[in-house]
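Here is the structure we will look at, set down as C-alpha cells.
Whatever order the structure lists them in is the order used to number ligands and atoms, beginning at 1.
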Amino acid sequence: NKAVTVNTLHTLKASGEKITMLTSYDASFAALMERSGVEVLLIGDSLGMVCAGHQSTLPVTVNDIAYHTASVARGAKNAMIVADLPFGAYGTPETAYANAVQVMQAGAHMIKIEGGVWLADTIKFLTERAVPVCAHIGLTPQSVHQLGGYKVQGKTTESADLLKADALAIQAAGASMVVLEAIPSALGKEVTDLLAIPTIGIGAGPDCSGQVLVMHDLLGVFPGRKARFVKNFMDGQTSIEAAFTAYVTEVKNGSFPAQEHCF
Ligand code: KIV
Ligand code: NA
C-alpha cells in the first residue's frame, strides 16, 4: 500500500476512478477502513453528534478535532487524513491558520472548512502557508441556524448559480478538493464538470468524483432520523470490515449512490 496524497486524488479524478472517503474518529476503525481500501479518512465535526451526543456540530472545539485526529493518525498508515475545522475556528485567515496548524500537527494532511466565495481569502492564505484545503458547500451543517434546518440546497436557479460561483472561487483560491452536501444530482454533476479539482458528494448524486458517508450512518448506528443519502452497508454483511469493503466496492463500481439516495 502506498500513501494516498493530493496527487493520488487528482490521478483518481483524471482516470475517472471514484474516490472513497469515510468519517473516522478513532484508531481501531481507521485501521479497518484503510484495510478495506478507503482512501480518505475525514475527522468530521459530526463527531460532536455521533460520538458526543450533541444536537448539532456547533459545540465541537479545535481540541476535540485534534484529539480524534491524533487517534485516527495512529491507526492509519497510508490513508489521507482530512480534519474539519469546527464552528468558530476560521472566522479570519489568521485564526484559520493557527487552528489548521494545531490539527495538522495532530496528524491531518488537509483541513476542511465550510463555505464558498467568502472563504477565498482564507483558502489562499492557508494554501500559501502549506495547508491543503478541502472546502464544503451546499448543506453546511455549521450554518444550521442560518439555514433554518438541514435542508437540500441549490434547488432554485439563483441558489444553484451561487453554488457554482462558490465552487469556482474555492478552486481559484487554491483548494485541493470540495465536498458537496445535499444538492440535486444534476447540480452535483454540473459542479463536477465545471471543476478540475475532485468533488466528494454526500447526497450530491452519482457523478461526483467521489463519495463520503458518516461511519455511524454506514453501520446503521445513527442516533437520529436517517437522511435520504444514507445507506446501511451492514445489511447483508456479517462484519464491520465487510461493510466498509461493500461501501468501497459500491462507490467504485458506481452502484452507490443509487437513485433512492439522491435529490
Ligand atoms: O462532519 C462530517 O461528517 C462531514 C461530512 C458529512 C462531509 O463534514
Ligand atoms: Na463536518
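- Checking Asp84, Thr69, Leu85 one by one against Ile111, the side chain to side chain contact (heavy atoms under 4.5 Å, CB included) holds for a single residue, Leu85.
- In this structure, Tyr90 has its ring center no closer than 6.0 Å to that of Tyr97.
- Annotation for ligand 1: atoms under 4.0 Å from non-hydrogen atoms of Ile202 are 6 (C).
- In this structure, the protein non-hydrogen atom closest to atom 3 (O) of ligand 1 is Ser46 OG, 2.6 Å.
- Comment: Lys252 engages Glu39 in a salt bridge, judged by a side-chain N to carboxylate O separation of less than 4.0 angstrom.
- Among the backbone and side-chain atoms of Asp45, an N, O or S atom lies under 3.0 Å from the Na ion (ligand 2).
- Taking distance alone, with nitrogen or oxygen atoms compared against 3.5 Å, Asp45 approaches ligand 1 more closely than that limit.
- When the options Arg35, Met215, Gln237 are evaluated for a side chain to side chain contact (heavy atoms under 4.5 Å, CB included) with Phe244, the one that passes is Met215.
- Every atom of ligand 1 with a heavy atom of Lys112 under 4.0 Å away is listed here by number and element: 4 (C), 8 (O).
- Using a 4.0 Å cut-off between heavy atoms, Thr57 makes no contact with ligand 1 at all.
- When ring centroids are compared, Tyr25 and His216 come within the 6.0 Å threshold.
- Salt bridge Lys231/Glu260: absent, no basic N to carboxylate O contact under 4.0 Å.
- The N, O or S atom of Asp84 with the smallest distance to the Na ion (ligand 2) is OD2.
- Side-chain contact check for Thr192 versus Ser209: some heavy-atom pair is nearer than 4.5 Å.
- For ligand 1, the atoms lying closer than 4.0 Å to a non-hydrogen atom of Thr23 are 3 (O).
- Closest to atom 7 (C) of ligand 1 among all protein heavy atoms lies Leu42 CD2, 3.7 Å.
- Residue contact check: Val214 has heavy atoms under 4.0 Å from atoms 3 (O) of ligand 1.
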